[in-house]
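Below is one structure; the comments refer to it alone.
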Amino acid sequence: MSIDINTPPILRFGAGSVDSIGELLASSGAARPIVVTDRFLVSTGVAARVAESLAASGMEAAVYDGTIPDPTTDSLESGLAAIREHGADSIVALGGGSPIDTAKALSVLAVRGGHMRELKAPFQFMGPALPVIAVPTTAGTGSEVTQFTIITDSANNEKMLCAGPGYLPKAAVVDYELTLSMPPRLTADTGIDALTHAIEAYVSRKANPVSDVYALAAISRIGRYLRRAYRDGDDREAREEMMTAATLAGMAFSNASVALVHGMSRPLGGHFQIAHGMANAMLFAEITAFSAGHAVERYATCARTLGVASADDDDQAAADALVAELRALAHELEVPTPASRGIEQALWEERVPVMAQQALASGSPNNNPRVPTAEQVEQLYRAIYA
Ligand SMILES: [Fe+2]
């Protein structure tokens, strides 16, 4: 069996690296970039800072700030219009997962035309697309380095996974200073998302020696620094390590896939507008308990790398400790349940079958160490309700 490892050709890390985007993009021959971002990053001045860097390198830059959380197929229309109006030859994707995923979808549609529904996984999109430089402002999604974008189909609320090397950014600029202002809730949700990426990549049936290295490097950092970053947002060391961890975790799952947690968390976003990282956090412990017996060595290594089990613990004890840690983390980071978030039980029950069907259709559960039946997926949704 052969293994493909796909990452952006350029990864630039470090404080202040956001100011070198103009130089980086100009060296690729781009002349008319468009910054795809959201209104929040315009209001904080970060978008203007990027636009200044582009202008200083002699480029004619536009800013499109109409991206929305959990982007939908309908929401892509105005972005496409902005790209056409500017005659953009490249995209700077600036923000958390939603602006970056939006930018990646736009980069494809601008060249290919058509509808994202045609590109839903398991279809693999190989390109071409407009070149994208991705600049994350949260430490979590890893979208800056992945060959995926997640777009909700406006027709049926399905969160579609769209995959293939055609979505890979040409460069990622990873500047942890952009995360210093993240509030604790966002720090927690995005940090747990990164941990989910790393652990799911490590236990995935598609794990390989290269993705393993990225995954374990991410898990170890998240074990040491997530709580610190949550408690004190000004802890620069914790912020820098979490940012590095998130990008490493992105490279891990981009090359090994995510598994059942992500398969089941996407419908929570599509049906109940639960933020992606929080949706993962709601499911993570329960699904790990469900899966651990089918890859106990792998989960045990995750536990030891995370720092919640030692070399002296046998694998079963270590895997149990991982489940306990995921429950403790959800509690400490104040992750709600669907019930405590105000979702009515009747509505939850009504949506469980369709969420289970959408989770399985995404293909992600097939990468899980224990591949669930539709009935087991439904049971897991019921188990996390209260
Ligand atoms: Fe994720």
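Every number for a ligand or one of its atoms is a count from 1 in the order of the listing.
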Would R298 pass as a cation-pi partner of Y202, given that its NZ or CZ must be under 6.0 Å from the six-membered ring centre and within 45 degrees of the axis?
yes
Sorted by chain and number, protein N/O/S atoms nearer to the Fe ion (ligand 1) than 2.8 Å are D193 OD1, H197 NE2, H262 NE2, H276 NE2
Establish, yes or no, whether the cationic atom of R370 lies under 6.0 Å from the six-membered ring centre of F290 and within 45° of the ring axis.
yes
Does R227 come within less than 4.0 Å of E241, counting only side-chain N to carboxylate O?
no
For residues 4-15, tabulate all N or O donor-acceptor pairs below 3.5 Å that involve a side-chain atom, not counting sequence neighbours.
residue : atom : partner : partner atom : Å
N6      : ND2  : Q147    : OE1          : 3.4
R12     : NH1  : S20     : OG           : 2.7
R12     : NH1  : E23     : OE1          : 3.2

Tell me the ring pair (Phe, Tyr, Trp, His ring centres under 6.0 Å) pairs involving residues 34-80, sequence neighbours left out?
none
Listed once per pair and sorted, the ring pair (Phe, Tyr, Trp, His ring centres under 6.0 Å) pairs that draw on residues 75-134, sequence neighbours left out
F125-Y167
